[in-house]
Amino acid sequence: MQRRAPGAPRPSAPARGGRPRPEPRLAPEGPRGRRALWGGVRRRCQRLLYWVPVLFISSILCWSYYAYVTQLCLLTMTNIGEKVVCLVAYHIFFMLFVWSYWKTIFTLPMNPSKEFHLSYSDKESLEREPRGESQQEVLRRAAKDLPIYTRTMSGAIRYCDRCHLVKPDRCHHCSVCDKCILKMDHHCPWVNNCVGFSNYKFFLLFLAYSLLYCLFVAATDLQYFIKFWTNGLPDTQAKFHIMFLFFAAAMFSVSLSSLFGYHCWLVSKNKSTLEVFRAPIFRHRTDKNGFSLGFSKNLRQVFGDEKKYWLLPVFSSLGDGCSFPTCLVSQDPEQASTPGGLNSSSKNENHLFPAKPLRDSQSHLLTDTPSWSETTAKAEKGKVGMSNPALTMENET
């Protein structure tokens with residue numbers, strides 16, 4: 001029988017069936033192991049801290065419910081009709097506010113589809129080859145049949161080296177979520193989520209209903225606030241709640257009105273917050289209004305065609321988030337031809353749309369207006385677009 005040397009690890013006892021039990025995984029030792037362990041703890045703490053603003057808003061909302069329903073309506077108001085009207089209207093605004101806020105927080109941001117990810121062979125080629133023509137060829141081949149028309153400032157294909165994908169138009173990498181988000185607007189700490197294509201409508205409704213909620217609370221609380229301030233009502237426990245409720249509602253109304261007005265302007269211009277600070281760069285030039293289709297179509301692109309869903313936190317936006325119609329982009333000669341009826345002419349150029357057909361809900365925005373007629377498109381059919389710019393690899397986050 002072979003003896004085990006002193007200090008040698010004891011062999012694992014065989015499990016049932018004669019197979020040896022797997023060795024338990026031990027935490028890596030040394031400075032590298034401690035750094036990895038500390039990094040994991042730090043990331044968990046950061047995730048918990050990200051929920052602090054959401055918990056703050058939720059606590060304010062819960063307190064406002066108690067202050068308005070219990071202290072103001074049930075204990076302070078004496079008129080029964082006023083009580084009923086205020087309670088019914090309040091709960092409608094409260095329900096819509098909470099519903100839209102919930103959808104904004106827990107709707108996962110959409111990421112680019114698989115066709116925008118590099119294949120395994122392309123990844124290996126991109127990592128193996130030095131920066132130069134070889135990498136340009138890899139990106140050119142990967143982006144050849146994709147519906148993309150925006151570029152980096154140097155005219156390169158927008159590539160994310162963290163997600164290993166070609167970025168669709170209006171897609172950006174979020175450093176907090178560590179993902180590429182379709183039509184990213186911004187990362188909002190008050191919802192602990194990225195606001196993008198999948199939840200931008202919910203975010204707008206959240207701003208609208210939170211503003212209406214605050215205005216309604218401030219308006220109905222104003223007369224009792226004045227009475228308490230002038231000692232017109234007895235000094236009870238409700239005085240503190242009613243006074244602070246008015247101050248909080250008025251303060252939030254001011255901030256929310258400016259923020260909601262700003263995003264209404266963004267919707268009317270079909271822009272995102274990121275595109276305001278950095279205008280999208282197309283193949284030939286930068287155009288800050290490159291995705292604008294007019295007020296009506298810009299509105300329908302966010303809220304959809306069915307107006308019965310406009311005021312509800314239900315997803316109804318048009319498109320798939322990967323391709324967007326625009327009449328300012330010339331066709332890339334290296335990409336496939338665009339389906340007929342989706343092209344238009346403007347400023348003596350042949351302006352075509354993404355080579356990949358858009359979803360029906362998105363593409364019909366391009367064909368139901370007289371300004372984009374097939375007659376004009378056929379007249380410009382013979383013109384040839386400019387050659388593709390140099391596709392140098394550039395990391396854009």
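Basis for what follows: all heavy atoms, side chains included, without hydrogens, waters or symmetry-related copies. Count residues from 1 along the sequence.
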Side chains of Phe315 and Tyr309 in contact at under 4.5 Å (non-hydrogen atoms): no
Phe282 six-ring centre to Arg151 NZ/CZ under 6.0 Å and within 45° of normal: no
Close side-chain approach of Leu126 and Tyr159, heavy atoms under 4.5 Å: yes
Nearest-0.5 Å distance, SG of residue Cys322 to CD of residue Glu115: 6.5 Å
Full working for side-chain contact (heavy atoms from CB on, under 4.5 Å) between Lys83 and Asn79: CA-CA 6 Å; Lys83 281 186 180 182; Asn79 189 298; over 6 Å; no
Test: Glu275 and Arg170 ion pair at under 4.0 Å: yes
Distance-minimising heavy-atom pair for Cys180 and His173: SG-ND1, 3.6 Å
Quiz item: cation-pi between Lys227 and Tyr224, 6.0 Å / 45°: yes
Pair Leu182-Asn111, side-chain contact (heavy atoms from CB on, under 4.5 Å): steps then yes or no: CA-CA 6 Å; Leu182 293 180; Asn111 310 119; 5.8 Å; no
Ring pair (Phe, Tyr, Trp, His ring centres under 6.0 Å) evaluation trace for His241 with Phe246: CA-CA 9 Å; His241 294 284; Phe246 177 80; over 10 Å; no
Single hit among Trp51, Phe206, Phe202 for side chain to side chain contact (heavy atoms under 4.5 Å, CB included) with Ile105: Trp51
Contact check, side chains of Lys183 and Val302, non-hydrogen atoms, under 4.5 Å: yes
pair Ile281-Thr150: side-chain heavy atoms closer than 4.5 Å: no
Plane angle bin for Phe94 and Tyr90 - parallel if under 30°, tilted between 30 and 60°, otherwise perpendicular: parallel
Common cluster, Val69/Leu212, ILVMFWY with side-chain heavy-atom separation under 4.5 Å: yes
Flag side-chain contact, heavy atom, 4.5 Å: His172 against Ile181: no
Linked, directly or transitively: Met184 and Tyr50 (ILVMFWY side chains, under 4.5 Å): no
Minimum heavy-atom distance Lys201-Ser317, with the two atoms named: CB-OG, 4.2 Å
Ring centers of Tyr200, His186 separated by less than 6.0 Å: no
Over 12 non-hydrogen atoms of neighbours within 6.0 angstrom of CD in Gln46: yes
Euclidean distance, Ser100 OG relative to Met95 CE, rounded to 0.5 Å: 10.0 Å
Rounded distance (nearest 0.5 Å) linking atom CG of Leu75 with atom CD1 of Ile242: 9.0 Å
For the student: nearest non-hydrogen atoms of Arg141 and Asp122, plus distance: NH2-OD1, 3.1 Å
Heavy atoms of other groups near Phe106 CZ, more than 12 under 6.0 Å: yes
Centroid-centroid distance, Phe225 to Phe247, less than 6.0 Å: yes
In one Ile/Leu/Val/Met/Phe/Trp/Tyr side-chain cluster, 4.5 Å: Val254, Val217: no
Connected via hydrophobic side-chain network under 4.5 Å: Val195 and Val176: no
Side-chain touch Val276/Tyr262, heavy atoms, less than 4.5 angstrom: yes
Beyond-backbone contact of Pro280 with Asp169, side-chain heavy atoms, under 4.5 angstrom: no
Cluster link Phe244 to Leu74, ILVMFWY, side chain under 4.5 Å: yes
Proximity of Phe93 and Tyr213 rings by center, below 6.0 Å: no
CA sep, side-chain torsions, deciding dist, call: Thr107, Asn193, side chain to side chain donor-acceptor pair (under 3.5 Å): CA-CA 8 Å; Thr107 299; Asn193 199 3; over 6 Å; no
Under 3.5 Å: donor-acceptor pair, side chain of Ser64, backbone of Leu61: yes
Other residues, nucleotides, ligands: >12 heavy atoms within 6.0 Å of Trp265 CH2: yes
Considering all heavy atoms, the nearest His187-Cys174 contact: ND1-SG, 3.6 Å
Gap between atom CG of Leu205 and atom CZ of Phe97 - 0.5 Å precision: 12.5 Å
Beyond-backbone contact of Leu108 with Asn199, side-chain heavy atoms, under 4.5 angstrom: no
Donor-acceptor contact present, side-chain Asn298 to main-chain Ser268, <3.5 Å: yes
Under 3.5 Å: donor-acceptor pair, side chain of Asn270, backbone of Val267: no
Backbone of Phe252 reached by a side-chain donor or acceptor of Ser255 within 3.5 Å: yes
Residue Lys123 excluded, over 12 heavy atoms near NZ under 6.0 Å: yes
Pair Trp99 and Tyr209, ring centroids less than 6.0 Å apart: no
Plane angle bin for His263 and Phe203 - parallel if under 30°, tilted between 30 and 60°, otherwise perpendicular: perpendicular
Stepwise side-chain contact (heavy atoms from CB on, under 4.5 Å) test for Cys73 and Tyr68: CA-CA 6 Å; Cys73 292; Tyr68 190 89; 3.4 Å; yes
CZ on Phe116 to SG on Cys163, rounded to 0.5 Å: 13.5 Å
Pairwise distance CG(Asp305) to NZ(Lys297) - rounded to 0.5 angstrom: 11.0 Å
Smallest separation among heavy atoms of Cys86 and Met77, with atom names: SG-CE, 3.7 Å
Over 12 foreign heavy atoms within 6.0 Å of CZ, Phe295: no
Centroid-centroid distance, Phe291 to Tyr149, less than 6.0 Å: no
side-chain contact (heavy atoms from CB on, under 4.5 Å) between Thr70 and Tyr65, intermediate numbers included: CA-CA 8 Å; Thr70 303; Tyr65 184 89; over 6 Å; no
Smallest separation among heavy atoms of Thr273 and Asp185, with atom names: OG1-OD2, 2.8 Å
